[in-house]
Each structure stands twice: as structure tokens, then as C-alpha cells.
Protein chains: 2
Amino acid sequence: MTQPKTDPRILRTRKLIMDSFIALSSKKEFKDITIKDITSEAMINRATFYYHFEDIYDLLDKALSEVLFINLNCQTYEDSDLNEETLVNLFKAITDFQLSLSNRCHRGYEDTIARIIRDQLEVIFLRMLERERPKVDIEQLKVPATMLSWGLYGASVEWGRNQSVTPEKYIKSVGPFLQGGLVRS
Amino acid sequence: MTQPKTDPRILRTRKLIMDSFIALSSKKEFKDITIKDITSEAMINRATFYYHFEDIYDLLDKALSEVLFINLNCQTYEDSDLNEETLVNLFKAITDFQLSLSNRCHRGYEDTIARIIRDQLEVIFLRMLERERPKVDIEQLKVPATMLSWGLYGASVEWGRNQSVTPEKYIKSVGPFLQGGLVRS
DNA sequence: CCAAATGTGTTGGATATACAACATATCTCT
DNA sequence: AGAGATATGTTGTATATCCAACACATTTGG
């Protein structure tokens, strides 16, 4: 699928902004990062920042999505079946992402992070369900995809509260309950 | 001395071009490098290349000057006296630069390289002579600066033909002959 | 030798980015 | 509490970079 080509300047500038934001995030809490910090680090003009992003929250959204996208390594799942192994890998990626974030102290933005994780999971599950049920209307697949994304996210939150077992062990314990019409092992 | 600020886009684009050119130079001989190679590697438009450089020879000139400038670490000499130690350091830098080039097989461009080396040396010597003789007219200092730059360059060529001793040892042997009104030890 | 492919150099118009200026908001320090 | 410093968000204008198109030059392969 060939998509419309993006102007290389846009790609370069967005990368400068994203990289600067991520670099700053490893030094300061989100609430202490200013637009001025980012534009100085990236060596771009403030107006250029606003050309690309609404505000710093818009950047946070997109930066987190991108980091999660990389963490999930979404292409890996493009040919995967919806099975126990897949669930374990996705769960591990989510918990890794969340652990990497707690290093950055993103307190106060848990809702944003949660939504981003669920959104990405939903896309992945929806694609898998489409492949497994090509004749079913996509609208009907969204509900199970939503349920799976909320479910897996919820499990990661519960695991985060009590990290007494590894993420793999934790999620395996619920695998058998999902088999049947929805999950194949 | 504050100089007019250069547009950040110009700085970025020039760096992209220079870095790409240097990267390509470590893989291919100069004569096999095309404008297309450079603009693809740098991910910039061909028209942008021509906005910054006349042609590939202009880029070679400027790239070599920059690499030599870095090799020479010219700022080091801004406060230096024109003495034996300085001559040894300059000589070492030139021979290092030439050795690094022979890795890149820049055959056929020795004249360009020679001129660049002499030009940079002349600037350095001229500044040193100006500092040592502030009351002398700058026009009168150019001849000794030219002679020193040609001389040091000539010595590096001779050393290159017969690298039986280290550059330091080689150039030290001519140091005492230059002392007197021109060089202080 | 020649056709096809590739590269070069240029140009006009479009777009992305820079700058300076401005009004307003927020933060810091006394 | 308030003055001063700093940051934000916006806008009109200028400049750097992109693109497509073109004519021409050079290289490649049969």
C-alpha cells in the first residue's frame, strides 16, 4: 500500500521535535518541560512547533503513541494469529512500556497513557479479528476488539499493583478462559 | 566578535550535505560519487544542493577545507606563538590529514588538496605574525606567511614520499634553520 | 554504434520554516 | 501584592527547501 509521500522537511522537523522531547523527558518531569525547552533543544522556531502541534499535550500524545508503537513493534503482529503467545507478547510490551514510563515520572497523565495503550491495542486486535473473520462486517468486530484491548490493559494495571509474578506468568493464567470462539491455541 | 546569525535551515542542510559526502567518500572514490548519490543520502532535493554549492567540485573544496579545519583545530593556534612546538603540531596535523585522505583515494585532486592546505596554513601564519608584529602592515606579512605555508606544505610532501621517520622528528630537523627574525624558540 | 537509462543543471511555483513583533499568561522574587 | 522576567500563542512577511518539468549530457548494455 503506497501512501502519499510526506514532505521531507516535515519528517525531519517532526523527528527533531520528538527526539528533543524524549531527551528532555529523561531529564525532567513532563510538567517542568516548556515549549521553549523543546524548541531550543530541537533548534527550531516556536512558530514551527505550532505548525506541527496544537500544544505540548498534543506532542505528548503523539510522542507516547510513537514510543508505544515502537515498543509494540506492531509489524510483528501483522501476520500473527490471535492466540496465547500473541497475548503474552502484547502484554509484555505493555508492561515494559509502562515500566519505562515510570522512570520518567509521568504522574498526572495516566489517563492519556491508558487511552493511547488501549487505542493501539484495539487497532492490533481489530486487524487480527479481520484476518480471522474476513466475511464478518468490521463494525461487528469492533466490540470484541474493544473488550480485548480494555481487558488486556486492565490486566496490566492489576499486574502493576502487585508485581509478584512475571508479566508472562500473570497473563498466562487468564489465557485458557479466553479460548473458544474468540481465541485459538 | 559576534557575526551575523546564520539561518538554522542553512546550517542543518549544509551539515546533511557535508556528512553525506564524507560518508560516501569512505565508500567510493570521488570520481564515482554523483550529485544523485549525495542528495539521496542526505535526503534533500537536487535544487537545494545547487542552492548551496556550484557543483560537486565546490562541495569537495569546502568539505576538504572543513575537514582540514577540524584536523588543524585552528582555535588551538589563536593564542600560540610561532615557535618550534607550533610548527611541529601544524606539521603533524597536515600529515595526519593527508594520511586520512589517502584512505579515501582522492587521486587526481592533489592540487585542490594542496591549495586548501596552503590556504589554511597561510591564514594561521598570518594571524601569528600579526600578533607578533602588530605595528607592521598586514600586506608586508603576507609574503612570509606564504613562504611558511608553502614551506611547511612542501616538507609534508617530501615526508610523504619517504616516511622513514615520524612527522615530528622530520620537521624538528629543520626547525633550527628557521630561527632568528622569523621564528622564536 | 546506438537506444535506453541515468545523471546534471536550471527554473517557476508551492510549501515548510524562520523571524520579529505583539498581546496575554504565568512564574519568580522582593 | 506587585513589578519584572519568562513563556505562550499568534500573525504577516521573508527565506530555504521541495517538486515537477524540461533540455541536455553522460553512461550503460546489447
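To find a chain, count down the sequence lines: A is the first, B the second, and so on, and within it residues start at 1.
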DNA chain D: first to last nucleotide in contact with chain A (atom under 4.0 angstrom from a heavy atom), 5' to 3', is D:dA7 to D:dC19
B:Phe125 and B:Met147, any side-chain heavy atoms less than 4.5 Å apart: no
Fill in: Sub-4.5 Å side-chain heavy-atom contact between A:Ile35 and A:Arg46
yes
request  = Describe the nucleic acid contact of A:Arg12 in one word from base, sugar-phosphate, nothing, applying a heavy-atom distance below 4.0 Å.
outcome  = sugar-phosphate
Here the pair of heavy atoms bringing A:Ile94 nearest to A:Leu152 is CD1-CD2, 3.8 Å
Note: contacts of residues 32-40 of chain A with DNA chain D (heavy atom, under 4.0 Å) are A:Thr34, A:Ile35, A:Lys36
Worksheet item: If you count the non-hydrogen atoms of other residues, nucleotides and ligands that lie under 6.0 Å from CD in B:Glu54, is the total more than 12?
Response: no
Can you label the angle between the B:Trp159 ring and the B:Phe91 ring as parallel, tilted or perpendicular, going by 30° and 60°? perpendicular
Under 4.0 Å, counting only non-hydrogen atoms across every strand here, what does A:Asp7 touch: a base, just sugar-phosphate, or nothing?
sugar-phosphate
Closest non-hydrogen atoms of B:Leu72 and B:Ala93, given as atom of the first, atom of the second and distance, are CD2-CB, 3.6 Å
Review point. Can you check whether B:Arg115 reaches B:Asp61 side chain to side chain, under 4.5 Å on heavy atoms?
Key: yes
task = Classify the side-chain pair A:Asn83/A:Thr86 by whether it contains a donor and acceptor separated by less than 3.5 Å.
result = yes
Notebook entry, point to check: Would you find more than 12 non-hydrogen atoms of other residues, nucleotides or ligands less than 6.0 Å from B:Arg12 atom CZ?
Noted result: yes
On DNA chain D, more 5' by nearest nucleotide between A:Glu54 and B:Pro8 is A:Glu54
Side-chain heavy-atom pair B:Ile10, B:His52 within 4.5 angstrom cut-off: yes
First and last nt of DNA chain C near chain B, cut-off under 4.0 Å to heavy atoms, 5' to 3', are C:dG7 to C:dC19
